Every structure is written in C-alpha cells, then in structure tokens.
Peer 1: 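This is the structure I have questions about; it appears just below.
These numbers were taken from a predicted model, which means no experiment stands behind them.
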Amino acid sequence: GISLEKKFSINSNGKNEVTITLSQEEFEQYKNKAVNKARPHVQLAGFRKGKVPKNLILKHYAVTIEQDAIEEAGQQEFAKAVEEGEIKVVGSPAMIDVRNEGEDKIIVIEYDVYPEFQLNDYKGLKLEEPVHEVTEEEADKEINEILKSQGEFEDTDFIGDESHVVGIKMVELDSETNEPKEGAEA
C-alpha cells in the first residue's frame, strides 16, 4: 500500500484533525483512479463514449479529475488513519484544507471523537436516600386541593369562606324609572 505521512492534532477550534501528506506519486494513483472512474462517461469528438485516452481526459477535465482525486484520497486515507489509530469518530469528518507544498499534496480533515472517560469504582458505595415524612397538615392541604378541583357548584344563600363563589348579574338601569332596561343584561 501507500506509505504516507499522517499527523494528528487538535486545532484552534478544539477539534481533532489529521493532516495527510501525499507525495506526487501517491496522489497520481488517486488521479488515475479518478480518470478510470470518469472514462466510461466522457465523450469527446472523434472518440466513442468511454474510449477517450487518459491524456485527453486530463486535459479537458483537469479540475474535475483533481477534485475527485482529492475527495477520494481524503476519504480513503482518513479511513485508513482512523482504523490504524483505532479512533472512534463521531459525526461526519470535514475536509477543511487542501494545498500543495512543493511536490506534495496536503489534505487536512477535521473530525469529532467519542469522549474518553474513566469510570471509577462505584460498587459498594452507600447512598443516603432522603425521606420526607408527610405531616397531617400537608395531607389535609392536598386533599382540600383535590376536593376543590373536583367539586361542583351549588346555589346557596350563605357565603362562609373563600370556597364560596359569588356570581354577579349586572343590568343597565333606565335613568328615569330606575328599572332594568329591556335586553340590557351584561
């Protein structure tokens, strides 16, 4: 397989990242794969579909082939790096930088990992469960609240406490006769 450089680090955003450095020869293999993948779909004048030579595909579709090769290299090499490093990735990795340094292609991929933690010895721990003793007063208060919420209204001539409800009927009076106006109930 390809032996290339992979550098793991934490970036300024606190995210994990891996910087993958591919030599020109290593990246060329990914470009060849991209050409072979595109070839069956390429059609140029003078050639049957799928029979266009590699150099013409590279000449006419250089940007697309380069992008496909970068994407494939990033995915493949990231997957290998994660497997080799036994990294537990969570979510989707993101390619955040691609650049050339001399003859090398540099691909930087940002990713999240499952958090690591150590579970201390918890067996045999004594827990004190808080217990609340219900008082007679609390029980009576709760029962009265339930009775109020479930009760029904009845007519009475007596108002003894706050549990009684008063209904008021208002009518407009005629200013001359002091009698209720017809149809003026509110």
Side-chain angles (χ1 to χ4, degrees), residues 1-134 138 141-142 145-146 149:
I2 296 176
S3 61
L4 44 103
E5 186 184 326
K6 298 173 189 134
K7 189 179 105 196
F8 294 89
S9 61
I10 308 263
N11 65 22
S12 59
N13 297 331
K15 297 250 187 178
N16 294 286
E17 69 179 32
V18 61
T19 302
I20 300 168
T21 305
L22 293 155
S23 69
Q24 185 177 4
E25 298 81 39
E26 291 162 341
F27 186 66
E28 200 62 39
Q29 291 180 31
Y30 285 103
K31 281 177 78 169
N32 287 336
K33 284 182 187 176
V35 168
N36 292 334
K37 191 175 176 183
R39 180 175 275 132
H41 309 286
V42 174
Q43 200 164 2
L44 285 178
F47 296 97
R48 289 184 315 218
K49 186 176 181 178
K51 301 296 181 187
V52 179
K54 176 184 172 184
N55 63 333
L56 289 179
I57 292 173
L58 284 170
K59 181 180 175 185
H60 289 275
Y61 300 99
V63 172
T64 303
I65 295 297
E66 179 87 2
Q67 288 172 342
D68 289 352
I70 288 168
E71 191 173 310
E72 183 71 16
Q75 288 176 357
Q76 295 293 318
E77 297 305 328
F78 179 74
K80 287 180 199 171
V82 163
E83 192 176 314
E84 289 166 11
E86 296 182 9
I87 298 167
K88 293 182 178 149
V89 176
V90 63
S92 299
M95 202 176 296
I96 57 169
D97 188 25
V98 177
R99 63 184 182 277
N100 293 317
E101 282 184 10
E103 303 260 312
D104 296 339
K105 180 73 68 183
I106 310 295
I107 301 172
V108 181
I109 298 174
E110 186 178 79
Y111 61 97
D112 288 319
V113 294
Y114 284 100
E116 290 185 22
F117 63 93
Q118 185 172 349
L119 187 59
N120 293 330
D121 188 23
Y122 61 91
K123 294 183 178 178
L125 287 177
K126 299 284 185 225
L127 296 178
E128 288 192 33
E129 192 175 341
V131 178
H132 175 74
E133 296 290 332
V134 178
E138 290 172 319
K141 184 177 177 187
E142 188 62 28
E145 289 298 319
I146 293 169
S149 70

Peer 1: Under the rule for side-chain hydrogen bond (donor to acceptor under 3.5 Å, both in side chains), what residues qualify as partners of Thr19, not counting sequence neighbours?
Peer 2: none

Peer 1: With Val113, which residues qualify under side-chain contact (heavy atoms from CB on, under 4.5 Å), at least two apart?
Peer 2: Asn16, Ile87, Tyr111

Peer 1: Which pairs pass salt bridge (charged side-chain N to carboxylate O under 4.0 Å, His left out) with one or both residues in residues 81-95, sequence neighbours excluded?
Peer 2: Lys6-Glu84

Peer 1: Looking at residues at least two apart in the chain, or sitting in another chain, which of them share a side-chain hydrogen bond (donor to acceptor under 3.5 Å, both in side chains) with Lys54?
Peer 2: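 Testing Lys54 for side-chain hydrogen bond (donor to acceptor under 3.5 Å, both in side chains), a comparison that skips the adjacent residues, returns Asn32.
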
Peer 1: So, using side-chain contact (heavy atoms from CB on, under 4.5 Å) as the criterion, who are the partners of Val131 when residues are at least two apart?
Peer 2: Glu133

Peer 1: Out of curiosity, His60 NE2 to Ile65 CD1, how far, rounded to the nearest 0.5 Å?
Peer 2: 12.0 Å

Peer 1: What is the distance from atom CG of Leu22 to atom CD of Glu5, rounded to the nearest 0.5 Å?
Peer 2: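 Those atoms lie 10.5 Å apart.
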
Peer 1: Provide the full list of salt bridge (charged side-chain N to carboxylate O under 4.0 Å, His left out) pairs with a residue in residues 57-71, sequence neighbours left out, each pair given once.
Peer 2: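 Salt bridge (charged side-chain N to carboxylate O under 4.0 Å, His left out) check on residues 57-71 returns Lys31-Glu66, Glu66-Lys105.
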
Peer 1: Residues two or more places apart in sequence or in another chain: which of them pass side-chain contact (heavy atoms from CB on, under 4.5 Å) with Ile146?
Peer 2: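 If we apply the side-chain contact (heavy atoms from CB on, under 4.5 Å) test to Ile146, skipping adjacent residues, the hits are Glu142, Gln150.
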
Peer 1: Closest heavy-atom contact between Pro40 and Lys37?
Peer 2: CD-O, 3.5 Å

Peer 1: For residues Tyr114 and Val89, report the shortest heavy-atom separation together with the two atoms involved.
Peer 2: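 Looking at all heavy atoms of both residues, the shortest contact is CE1-O, 3.8 Å.
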
Peer 1: Considering only residues two or more places apart or on different chains, which pairs with a residue in residues 123-132 satisfy side-chain hydrogen bond (donor to acceptor under 3.5 Å, both in side chains)?
Peer 2: His132-Glu138

Peer 1: List for me each residue that meets side-chain contact (heavy atoms from CB on, under 4.5 Å) alongside Asn11, sequence neighbours excluded, and say none if there are none.
Peer 2: Asn13, Lys15, Glu17, Ile96, Glu110

Peer 1: Taking only residues two or more places apart in sequence or in another chain, which ones pass side-chain hydrogen bond (donor to acceptor under 3.5 Å, both in side chains) with Gln76?
Peer 2: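 Here the qualifying residues are Glu72.
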
Peer 1: Write down the atom of Gly74, the atom of Ile109, and the distance for their closest heavy-atom approach.
Peer 2: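 In this case the closest contact between Gly74 and Ile109 is O-CD1, 3.4 Å.
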
Peer 1: Evaluate the side-chain proximity of Phe27 to Ile70: yes if any heavy-atom separation is below 4.5 Å, no if none is.
Peer 2: yes

Peer 1: Contact between Val108 and Arg99 at the side-chain level, heavy atoms closer than 4.5 Å - yes or no?
Peer 2: yes

Peer 1: Output every pair passing side-chain hydrogen bond (donor to acceptor under 3.5 Å, both in side chains) with a member in residues 39-53, not counting sequence neighbours, ordered by first then second residue.
Peer 2: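 Output for this query lists Asn36-Arg39.
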
Peer 1: Once rounded to the nearest 0.5 Å, what's the spacing between atom NZ of Lys80 and atom CD1 of Ile20?
Peer 2: 9.5 Å

Peer 1: Which residues pass the side-chain hydrogen bond (donor to acceptor under 3.5 Å, both in side chains) test with Glu145, not counting sequence neighbours?
Peer 2: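 With sequence neighbours excluded, Glu145 shows a side-chain hydrogen bond (donor to acceptor under 3.5 Å, both in side chains) to no residue whatsoever.
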
Peer 1: Of all the heavy-atom pairs spanning Ala69 and Ala34, show the shortest one and how long it is.
Peer 2: N-CB, 4.1 Å

